[in-house]
Amino acid sequence: MSVSYFVRYEGRAPNLEAFLSYYRQHHVPILGSMPGLERIVLHAPVESRDPFPVTPDCFLFIVQMIFGSREDLDRALESGARALAREDAGNFPPFEGTVYHQAALSEEIFSK
């Protein structure tokens, strides 16, 4: 098991490509310097054809940061790198919406 820290961007960016480019090129290196961080996964919506009625989410994208333990996550959240990441968020290209943060125990329960 691991611990994931999800950051979910719900809303819209007038120039999504510029937003994602800045995020990948400038913000991820800052996040990547957080102690104990093992992986960063970017989840972006993709159009799909589900034959069953479902309610689609309205997120712009989700970032998943994966840590080996809750202690690793706590150290990262209290680190100088986290402070720099929060400061850098003010440099993002325009984004209209809400950003959610959520820590979660990650248990892989199926794999092929």
What verdict does the side-chain contact (heavy atoms from CB on, under 4.5 Å) test give for Tyr23 and Tyr9, after you've listed the backbone C-alpha separation in whole Å, the side-chain angles of each residue and the deciding distance to 0.1 Å?
CA-CA 12 Å; Tyr23 200 94; Tyr9 292 79; 3.3 Å; yes

Specify the closest pair of heavy atoms between [X] and [Y], including all atoms of both residues, with the distance to one decimal.
X      : Y      : answer
Ala76  : Arg82  : O-CB, 3.3 Å
Thr98  : Tyr100 : CG2-CZ, 3.6 Å
Arg39  : Leu37  : O-CD1, 3.4 Å
Pro94  : Phe19  : O-CD1, 3.9 Å
Glu108 : Ser111 : OE2-CB, 2.9 Å

Do [X] and [Y] belong to the same hydrophobic cluster, where Ile, Leu, Val, Met, Phe, Trp and Tyr are linked whenever their side-chain heavy atoms lie under 4.5 Å apart, directly or via other members?
X     : Y     : answer
Val99 : Leu77 : yes
Val28 : Met34 : yes
Val7  : Leu73 : yes

Pairwise distance CG(Asp74) to OG(Ser79) - rounded to 0.5 angstrom
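Between Asp74 CG and Ser79 OG, I get 11.0 Å after rounding to 0.5 Å.
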
Show me the donor-acceptor pairs within less than 3.5 Å that the side chains of residues 85-93 make with the rest of the protein, sequence neighbours left out.
unit_1, atom_1, unit_2, atom_2, d
Asp88, OD1, Tyr22, OH, 2.5
Asp88, OD1, Asn91, ND2, 3.1
Asp88, OD2, His27, ND1, 2.8

Can you tell me if Arg12 has over 12 outside heavy atoms packed within less than 6.0 Å of its CZ?
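Atom CZ in Arg12 is packed in, count exceeds 12.
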
Show the atom names and distances, to 0.1 Å, of all donor-acceptor pairs under 3.5 Å that link a side chain in residues 59-71 to residues at least two apart or in another chain.
unit_1, atom_1, unit_2, atom_2, d
Gln64, OE1, His43, NE2, 3.0
Gln64, NE2, Ser4, OG, 3.0
Ser69, OG, Glu71, N, 3.4
Ser69, OG, Glu71, OE1, 3.3
Ser69, OG, Asp72, N, 3.1
Ser69, OG, Asp72, OD2, 3.4

Hey, mind stepping through Gln102 and Tyr5 against side-chain contact (heavy atoms from CB on, under 4.5 Å) and telling me if it holds?
CA-CA 6 Å; Gln102 177 69 55; Tyr5 192 70; over 6 Å; no

